[in-house]
**Student:** 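Quick one: structure below, then a few questions.
Both backbone and side-chain heavy atoms feed into the values below; hydrogens, waters and symmetry mates do not. Note that the structure is a prediction, hence the values are computed from the model and not measured.
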Amino acid sequence: MKKLFSGFAVLMLIVCMVPQVAVSAAETRVAKVTFSEVSAKKGETIEIYVTLVDSPNVKSMGVSPIYDSERLEYLNGEWLVSGGILQDWSNSEQNGVILYSEDRDLNGNVAKYSFRIKDNTKWDDISFSAKIVLKGKDGNIEVNVVPTYIVIKCDHSWNTEVLTSPSTCKDNGYTYNLCSICNRKKILSTFNKLEHVSSDWIIDELATIHSEGLKHKECLDCGEVLAEQIIPVLGTCVHSFGEEILISSPTCDKAGYIYNVCSICNGENVLYDLEKLDHTPSDWIVVEQATDDGEGLQRKECVNCGVNLSTQIIPALGTCSHNYSEQILITYPSYEEDGCVYRVCSTCSKKDILYLLDKPTIKKTTVVVVGICCGFGGVFISIGVYFLVKLIKKKAKKV
């Protein structure tokens with residue numbers, strides 16, 4: 001968890017005393033703050049210098065560090081500049097403030113922090129930055145703060161296994177070893193990036209009879225835009241139709257067509273029209289079941305597009321003059337339930353049971369046992385026939 005120590009109460013009180021003068025956008029001044037790059041082992045003490053660059057003259061300055069307190073232990077800090085009418089550094093609040101009687105050039109190293117890298121810290125780099133407040137005689141000075149990273153040193157122990165990170169169209173590939181301590185990589189060799197895989201033209205904005213359109217091609221792997229092209233205003237394109245023949249398949253909703261496409265404007269050149277397909281009706285679907293007192297409702301729909309093709313009233317049960325279909329249906333019996341042979345009324349969907357099929361009384365285990373016994377019987381018969389044939393042949397030889 002990163003901790004921001006914000007002891008700027010004193011600084012805010014002081015800087016509010018500095019006269020504020022409006023500065024136009026054209027006169028905006030930008031100072032830059034950088035920090036020294038540091039690398040050290042776990043448990044070691046480090047010093048981070050705060051450096052002011054390209055700053056106009058400064059009348060007051062405040063600094064407070066931003067860092068991960070679970071990885072760094074704060075030791076102390078100090079100003080590296082002097083001569084202020086107020087110059088204070090609070091190690092308990094971990095911030096400093098300095099105020100001059102007039103503007104002063106502070107470019108260079110202005111402050112220094114000391115930290116200890118904690119023994120249990122992770123191996124990845126530690127980010128460090130600071131909150132900086134600068135004021136001059138004309139008011140606030142804009143500050144661009146550039147964070148730094150503390151590199152944790154390791155006495156590497158490289159594995160002998162060679163691993164590979166494959167190339168992509170955005171990054172080079174490489175082979176490497178891993179450190180068994182910190183898991184960092186040692187690059188052994190590199191490979192070139194892969195070529196982009198281009199898409200077909202993708203329409204971003206359709207052309208109209210009044211305005212141009214826009215299309216582009218992009219890499220299918222990384223999404224980078226590879227090419228862009230203006231689509232001419234409709235009616236002005238000198239078409240260049242490709243040789244590839246495409247088909248827009250017909251459905252029961254709309255007609256289809258065979259066409260080719262202009263490589264410039266993506267306009268379609270229709271070669272042949274294909275008629276709409278006929279709807280494919282479903283079986284009757286019961287919407288509302290009939291009861292003894294009330295009618296029901298059933299319908300047929302297209303199995304492809306879902307459009308309703310026909311509806312039919314189901315008469316109240318007991319009032320239907322049944323119209324049973326000639327198709328005979330079977331529900332096969334199981335060991336749990338009887339089956340039946342039946343037909344269905346095409347008007348109310350009532351079943352007319354023609355024959356009942358009783359549940360089988362023989363159990364599965366009985367079938368298995370009978371099967372096994374028959375199997376053994378077949379084996380014994382085969383053995384008997386074999387010896388009988390041998391006996392006949394033997395007597396035939398004696399004769």
**Student:** Judged by modelled atom types alone, do Asn269 and Asn260 share a side-chain donor-acceptor pair under 3.5 Å?
**Tutor:**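 The criterion, which ignores hydrogens and geometry beyond distance, is satisfied for Asn260 and Asn269.
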**Student:** Roughly how far apart are Phe115 CZ and Leu72 CG, rounded to 0.5 Å?
**Tutor:**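 Phe115 atom CZ to Leu72 atom CG measures 6.0 Å (nearest 0.5 Å).
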**Student:** Within the supplied structure, the quantity of interest is the number of heavy atoms (other residues, nucleotides, ligands) at a distance under 6.0 Å from Asp283 CG; does it exceed 12?
**Tutor:**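 Counting neighbours around CG of Asp283, 12 or fewer heavy atoms of other residues, nucleotides or ligands fall under 6.0 Å, so no.
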**Student:** Determine whether Leu357 and Leu354 fall in the same hydrophobic cluster, where Ile, Leu, Val, Met, Phe, Trp and Tyr are linked whenever their side-chain heavy atoms lie under 4.5 Å apart.
**Tutor:**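 In one cluster: yes.
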**Student:** So do Asp138 and Asp103 actually touch side chain to side chain, heavy atoms under 4.5 Å?
**Tutor:**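 They are not in contact (no side-chain heavy atoms under 4.5 Å apart), so the answer is no.
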**Student:** So which of Asn107, Asp105, Leu106, Val110 actually passes side chain to side chain contact (heavy atoms under 4.5 Å, CB included) with Val58?
**Tutor:**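 Between Val58 and the candidates, side chain to side chain contact (heavy atoms under 4.5 Å, CB included) is satisfied uniquely by Leu106.
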**Student:** Between atom CG of Leu356 and atom CG of Asp338, what is the distance when rounded to the nearest 0.5 Å?
**Tutor:**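 Between Leu356 CG and Asp338 CG, I get 6.5 Å after rounding to 0.5 Å.
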**Student:** Enter the distance from Glu142:CD to Ser55:OG here, rounded to the nearest 0.5 Å.
**Tutor:**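 Rounded to the nearest 0.5 Å, the CD-OG separation comes out at 11.5 Å.
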**Student:** Evaluate whether atom CD of Gln289 has more than 12 neighbouring non-hydrogen atoms of other residues, nucleotides or ligands under 6.0 angstrom away.
**Tutor:**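 No, because the 6.0 Å sphere around CD of Gln289 holds 12 heavy atoms or fewer from other groups.
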**Student:** Sequence neighbours left out, what pairs pass salt bridge (charged side-chain N to carboxylate O under 4.0 Å, His left out) with at least one residue falling in residues 309-337?
**Tutor:**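 Listed once each, the pairs would be none.
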**Student:** Just wondering, more than 12 heavy atoms not from Tyr257 lying within 6.0 Å of its OH?
**Tutor:**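 Counting other residues, nucleotides and ligands, OH of Tyr257 exceeds 12 neighbours.
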**Student:** In terms of hydrophobic clusters joined by side-chain contacts under 4.5 Å, are Val53 and Trp79 together?
**Tutor:**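 No; Trp79 is not reachable from Val53 via cluster members.
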**Student:** When you group the ILVMFWY residues by side-chain heavy-atom contacts below 4.5 Å and let the links chain together, are Phe35 and Val143 in the same group?
**Tutor:**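 In one cluster with Val143: Phe35, yes.
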**Student:** Working to the nearest 0.5 Å, report the span between CG of Leu329 and CD1 of Ile353.
**Tutor:**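 One finds 12.0 Å between CG of Leu329 and CD1 of Ile353.
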**Student:** Do Glu78 and Lys112 meet the salt-bridge criterion of a basic N to acidic O distance under 4.0 Å?
**Tutor:**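 Salt bridge between Lys112 and Glu78, a charged N being under 4.0 Å from a carboxylate O: yes.
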**Student:** Is Asp119 salt-bridged to Arg116, cutoff N-O under 4.0 Å?
**Tutor:**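 The answer is yes: the pair qualifies as a salt bridge.
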**Student:** Measuring only between side-chain heavy atoms, which start at C-beta, is Lys186 closer than 4.5 Å to His156?
**Tutor:**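 A side-chain contact under 4.5 Å is absent here.
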**Student:** Test of understanding: clusters of I, L, V, M, F, W, Y form through side-chain heavy atoms closer than 4.5 Å, transitively. Do Tyr100 and Val33 belong to the same one?
**Tutor:**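 In one cluster with Tyr100: Val33, yes.
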**Student:** Where do Cys302 and His279 come nearest, in terms of heavy atoms and distance?
**Tutor:**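 So the two residues come closest at SG-ND1, 3.5 Å.
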**Student:** Got Val63 and Trp89 here, is their nearest side-chain heavy-atom distance under 4.5 Å?
**Tutor:**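 A side-chain contact exists here, since the closest heavy-atom pair is under 4.5 Å.
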**Student:** Compare every heavy atom of Lys276 with every heavy atom of Lys254, then report the nearest pair and how far apart it is.
**Tutor:**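 Where Lys254 meets Lys276 most closely, the heavy atoms are C-CG, 3.2 Å.
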**Student:** Compare every heavy atom of Val81 with every heavy atom of Gln87, then report the nearest pair and how far apart it is.
**Tutor:**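 Taking every non-hydrogen atom into account, NE2-O, 2.8 Å.
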**Student:** With a 4.5 Å cut-off on side-chain heavy-atom distances among I, L, V, M, F, W and Y, is there a chain of contacts connecting Leu246 to Tyr272?
**Tutor:**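 Not linked; separate clusters.
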**Student:** Rounded at 0.5 Å granularity, tell me how far CG in Leu274 sits from CD1 in Ile258.
**Tutor:**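 Reported to 0.5 Å precision, the distance equals 5.0 Å.
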**Student:** Taking only Lys NZ, Arg NE, NH1 and NH2, and the carboxylate oxygens of Asp or Glu, determine whether Asp124 and Arg71 approach each other closer than 4.0 Å.
**Tutor:**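 Answer for the salt bridge query: yes.
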**Student:** Give me the ring orientation class for Tyr74 and Tyr67: parallel if the planes are under 30° apart, tilted from 30 to 60°, perpendicular past 60°.
**Tutor:**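 Answer is parallel, since the angle falls under 30°.
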**Student:** So Ile46 and Phe128, do their side chains get closer than 4.5 Å, heavy atoms only?
**Tutor:**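 Phe128 vs Ile46: side chains apart.
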**Student:** Considering all heavy atoms of both residues, which atom of Pro360 and which atom of Ser334 are nearest to each other, and what is their separation?
**Tutor:**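 For Pro360 and Ser334, the tightest heavy-atom pair comes out as CD-O, 3.3 Å.
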**Student:** Show me the donor-acceptor pairs, under 3.5 Å and distance only, between side chains in residues 172-179 and residues at least two apart or in other chains.
**Tutor:**
{"residue": "Asn172", "atom": "OD1", "partner": "Lys193", "partner atom": "N", "Å": "3.1"}
{"residue": "Tyr174", "atom": "OH", "partner": "Lys185", "partner atom": "NZ", "Å": "3.0"}
{"residue": "Thr175", "atom": "OG1", "partner": "Ser189", "partner atom": "N", "Å": "3.2"}
{"residue": "Thr175", "atom": "OG1", "partner": "Ser189", "partner atom": "OG", "Å": "2.6"}
{"residue": "Asn177", "atom": "ND2", "partner": "Asn159", "partner atom": "O", "Å": "3.3"}
{"residue": "Asn177", "atom": "ND2", "partner": "Glu161", "partner atom": "O", "Å": "2.9"}

**Student:** Mind listing the closest non-hydrogen atom pair of Gly223 and Glu218 along with its distance?
**Tutor:**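 Gly223 and Glu218 have their closest heavy atoms at O-CB, 4.0 Å.
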**Student:** Got a sec, which pairs hit salt bridge (charged side-chain N to carboxylate O under 4.0 Å, His left out) with one end in residues 297-318, sequence neighbours left out?
**Tutor:**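 For residues 297-318, and leaving out neighbouring residues, the salt bridge (charged side-chain N to carboxylate O under 4.0 Å, His left out) pairs sorted by first residue read Arg299-Glu301.
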**Student:** Side chains of Lys41 and Asp155, heavy atoms from C-beta outward: is any pair under 4.5 Å?
**Tutor:**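 Lys41 reaches Asp155 side chain to side chain.
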**Student:** Under a 4.5 Å cut-off applied to non-hydrogen side-chain atoms, are Thr121 and Asp68 in contact?
**Tutor:**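 Side-chain contact under 4.5 Å: no.
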**Student:** More than 12 non-hydrogen atoms from neighbouring residues, nucleotides or ligands closer than 6.0 Å to CD on Glu37, yes or no?
**Tutor:**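 Result for CD/Glu37: open.
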**Student:** Could you pull out the closest heavy-atom pair between Trp284 and Thr311, with the gap in Å?
**Tutor:**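 Closest heavy-atom pair between Trp284 and Thr311: CZ3-C, 4.2 Å.
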**Student:** Quick one: are Phe191 and Thr164 in side-chain contact, heavy atoms under 4.5 Å?
**Tutor:**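 They are in contact (side-chain heavy atoms under 4.5 Å apart), so the answer is yes.
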**Student:** Find the distance between SG (Cys252) and CG (Asn304) and round it off to the nearest 0.5 Å.
**Tutor:**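 Between atom SG of Cys252 and atom CG of Asn304 there are 5.0 Å.
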**Student:** Can you find a pair of side-chain heavy atoms, one from Thr168 and one from Asp221, that are under 4.5 Å apart?
**Tutor:**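 Thr168 vs Asp221: side chains apart.
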**Student:** Counting N and O atoms only, with roles assigned by atom type, does the side chain of Ser263 sit under 3.5 Å from a partner on the main chain of Ser240, one being a donor and the other an acceptor?
**Tutor:**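 The answer is yes, because a donor-acceptor pair under 3.5 Å joins these two groups.
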**Student:** Under the side chain to side chain contact (heavy atoms under 4.5 Å, CB included) criterion, do Ile126 and Ile152 qualify, and how do the steps go?
**Tutor:** CA-CA 8 Å; Ile126 304 173; Ile152 309 301; 3.7 Å; yes
**Student:** Heavy-atom count check: over 12 atoms from other residues, nucleotides or ligands less than 6.0 Å from Lys32 NZ?
**Tutor:**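 No, the 6.0 Å shell around NZ holds no more than 12 heavy atoms from other groups.
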**Student:** Whether the side chain of Thr280 engages the backbone of Val303 through a donor-acceptor N/O pair (distance < 3.5 Å, no angle test) should be reported.
**Tutor:**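 Not a single qualifying donor-acceptor pair exists.
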**Student:** Go through the steps to decide whether Glu224 and Cys169 satisfy the test side chain to side chain contact (heavy atoms under 4.5 Å, CB included), and finish with yes or no.
**Tutor:** CA-CA 9 Å; Glu224 181 179 335; Cys169 48; over 6 Å; no
